Every structure is written in structure tokens, then in C-alpha cells.
Amino acid sequence: MGQRLICCLDAPSALQPPPLLPVRRKLLLLCIMLFLWLYMFYSCAGSCASVPGLAGRGAGEAAATAGAHGEGLQVLSKLLRRAPSGGAKGLAGSAAASPSEPREEQSAAPDPTSPISSFFNGSGTKKLPQAIIIGVKKGGTRALLEFLRVHPDIRAVGAEPHFFDRNYEQGFAWYRDLMPRTLDGQITMEKTPSYFVTKEAPARISAMSKGTKLIVVVRDPVTRAISDYTQTLSKKPDIPTFESLTFKNRTTGLIDTSWSAIQIGIYAKHLENWLLYFPIGQILFVSGERLISDPAGELGRVQDFLGLKRIITDKHFYFNKTKGFPCLKKAEGSSKPHCLGKTKGRTHPNIDREVVQRLREFYRPFNMKFYQMTGHDFGWD
Ligand SMILES: Nc1ncnc2c1ncn2[C@@H]1O[C@H](COP(=O)(O)OS(=O)(=O)O)[C@@H](OP(=O)(O)O)[C@H]1O
């Protein structure tokens, strides 16, 4: 009996839990926590784009940022990339219909309705934009916005809201809701290139705020028209030739100014409309050509105009020979190089040299007027 007692006291007690159990319990608890954590991240995939630091970026880019923060988060990155990126209410439809911006070029909009996402969106508020890229279509507006997003003090909505032209009746609350959350000192931005040629846009933007800073990326109107035509051709291969659309009467050489591809390039005429509501100093004109040949230089001007520290410099860019354009060494929220998609930098069709020449003559007086109005010679002639 005594022997048995000694034996039982020495042996692991039946009353004590085996030493492995607490470890298992801890492991189980850890697993549950990890699962919950994964679930929360997965659920907020879209909304993470609204979290300061990731604002206005799609789930993929948000994921890339998460991935950059640690090895373990790389698994999360993959999950997030697969996560459905919901469109902001009412925006998806209008953006899909946008003639200036094919859908594949737009960043995924966040899903602000997810309840778990609001947990992550605690800091920052949605504000109406203080600066807008108002044009011009095919000027290089997407490149400018993507480059600006590298700046930590800029938060931009990825898709084109088309508020001041197509969605104005939705009201300012709708518009504000599309915006990413920002902290004090951060600038909210959007770009919709069609604003520049929309008659009502200047009065409407002025009604939102007289102090709104306006940015216009302008490009040689002849190349811009060809770029515009190339985009339409890529969607509708059966359209008439550029040459035939250019003229009302080819024999007399009368240009068809009602064709939007031609009309948009009469910059001086559109600018007059803006100057009724905004002083010229409140509008920055970015050269679409220089945005390609010297992106850092143009970005320097834009940062000055926005009152921001010059953080985006030549260190951020490299020239991608295959793409034929400058690209970002690191897209914001990613460690990987980033070029714009294949709908930017399309090969243009060859246009009859005489037609190009005629168009140059047509635009010359308007260009001169535009140089005079802006105090800047863009060198298109
Ligand atoms: N870095 C970089 N990468 C690619 N493309 C660049 C870049 N910088 C400017 N561009 C020029 O941008 C032109 C498209 O202009 P937008 O972005 O304003 O087009 S849109 O109105 O939003 O559809 C596009 O016009 P196309 O070349 O005719 O396709 C480009 O020439």
C-alpha cells in the first residue's frame, strides 16, 4: 500500500492535467485569434483603401502595403488581392461609362458599407476635394494622379466621379462619400478630365468652394485628338478614318469643330469659361509632354502649387524602355515598380501628313491665345 502510494506520488498525478494540455489550449486560442484576425482583414479588404496611408487605393495595393510590413502579412496580401473590391455606391456605373477612363485603369473603390471596415476607419474624415484635376481628356491625367498619390499628404479617389458633369443631382453628400478619409493637413483629390469642357462645371465647383485648386494637364491638341480617336477606335473598330472625321468638307479644308476630338483641343475657348469663376492663379497648367520627358520637374511644380513639401522627386521615377514611358520605381503601398496599364500609351495610327498640317494651322491661333492667357508657351507650334 505504502509502496503504491509512493509510486503514485512520484508518478504524474492523475489529478494534475498532463503538461501538454495548456500548450494545446494556448495553440487553440492562438488559432482562433489568428482566424478572427484574418477574417477582419478579409472583410475590410475594400475599406482598407480608405484607411489613411492606403486611401483611395484598391485592395491589391492595400494588400501590397500590408505585405511590405512583414513576412507574416504576405499571406494576408494574397487573401486581400483575391478579396472582392466593392465599388462605391453609384460610382461604379458612371465610371464604367466614362469615355475618358477605361475601367481597367481605375483603382478599385472601397466598400464603405462594411461594418467591420468602419472599425478600421476610425481616424480621419471624408472631405470634399480641395484640389481637382479637371482635364484634359488624354492629356496625361491618370499619370499625374498616380504619381501624386505617392505623396503622403495626398489622398485621391481612384475612379472618375464625374460629379460636376453627370452626377451633380446626387448632391454634395454623395460626392463627399466617394472620397477617401483624410487626416488634418492631407489633401483630398479627384480627377475627371471632362470637367474642363463642361459648361456648368466652373460655376458648380465654385459653389462647392471658391478656393478649390484646379489642375489642367494639357497636351498638343493635334496629338491629343489622335489619342482620343485611338481610344474610340480601340472600342469601335468600325468607325470612319480620323481624316474623314476631321473635315466638314475635305475639299475646302473646313474642320469639323463639332467633333469632340477636335473641340476639346480648343483650350483657350474652354479656359475663358473657367476664368469667369476662378482667377488664373488658382489654375495650374501641367504640360502633358513634360510629364513624360521630365515627370519629377512637373511634379515639383504641382507640389508647390498644392503647398506641399517636394517629396516626389526624380528618385521616384525610371524610364521603362518597353513601355516607352516613365514609371514609378515603387508604387505607393508597394515595393514593386509600377507603370500605367496598356490603355495608356497606345500606338497611334498613322495620320495623313497633310491632315495633321491642316490641323496644326487650325489650332495655331487658339494655341497662341492659350499661351497668352496662361503666360506659358507649351511649344506645340
Ligand atoms: N507615365 C505615363 N505612362 C503612360 N501614359 C502616359 C504617361 N504619362 C503621360 N501619359 C499619357 O497619358 C495619356 C492618357 O491620358 P489620360 O490619362 O488623361 O487619359 S484619360 O483621359 O484619362 O483617358 C496617354 O495617351 P496615349 O499615348 O495616346 O495613350 C499617354 O501618352
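What you see is a predicted model, and the numbers here were worked out from it, not measured in a lab. Whatever order the structure lists ligands and atoms in, that order sets their numbers, starting from 1.
- A distance of 9.5 Å separates CD in Glu289 from CG in Leu291, rounded to the nearest 0.5 Å.
- When each atom of ligand 1 is checked for a heavy atom of His348 under 4.0 Å away, the hits are 26 (P), 27 (O), 28 (O).
- Listed by number with element, the atoms of ligand 1 under 4.0 Å from a non-hydrogen atom of Gly139 are 15 (O), 18 (O).
- Using a 4.0 Å cut-off to heavy atoms of Phe147, the atoms of ligand 1 that qualify are 1 (N).
- Heavy atoms of Glu146 come nearer than 4.0 angstrom to ligand 1 in no pair at all.
- Counting only heavy atoms from C-beta outward, the side chains of Asp381 and Met368 approach each other to under 4.5 Å.
- When each atom of ligand 1 is checked for a heavy atom of Gln231 under 4.0 Å away, the hits are 23 (O).
- Residue contacts with ligand 1: Pro326 is placed with a nitrogen or oxygen under 3.5 Å of a nitrogen or oxygen of the ligand (distance criterion only).
- Ligand 1 has no N or O atom lying under 3.5 Å from any N or O atom of Gly288, backbone or side chain.
- With distances taken over non-hydrogen atoms, the option nearest atom 18 (O) of ligand 1 out of Leu328, Thr141, Leu291, Ile292 is Thr141.
- Comparing Lys344, Arg219, Lys191, Lys138 against atom 31 (O) of ligand 1, the shortest heavy-atom distance belongs to Arg219.
- Between Tyr168 and Trp174, a ring centre-to-centre spacing not shorter than 6.0 Å is recorded.
- Taking the charged nitrogens against the carboxylate oxygens, Asp228 and Arg224 do have a contact shorter than 4.0 Å, which makes a salt bridge.
- In this view, Phe147 and Phe317 satisfy the ring-ring contact (aromatic ring centres under 6.0 Å, His included) rule, not counting sequence neighbours.
- Applying the disulfide (SG to SG under 2.5 Å) test to every pair with at least one member in residues 315-381, sequence neighbours left out, gives these pairs: Cys327-Cys339.
- Salt-bridge annotation for Lys369 and Glu272: present, with a side-chain N of the basic residue lying under 4.0 Å from a carboxylate O of the acidic one.
- Of the N or O atoms in Ala143, none lie within a sub-3.5 Å distance of an N or O in ligand 1.
- Using a 4.0 Å cut-off between heavy atoms, Phe319 makes no contact with ligand 1 at all.
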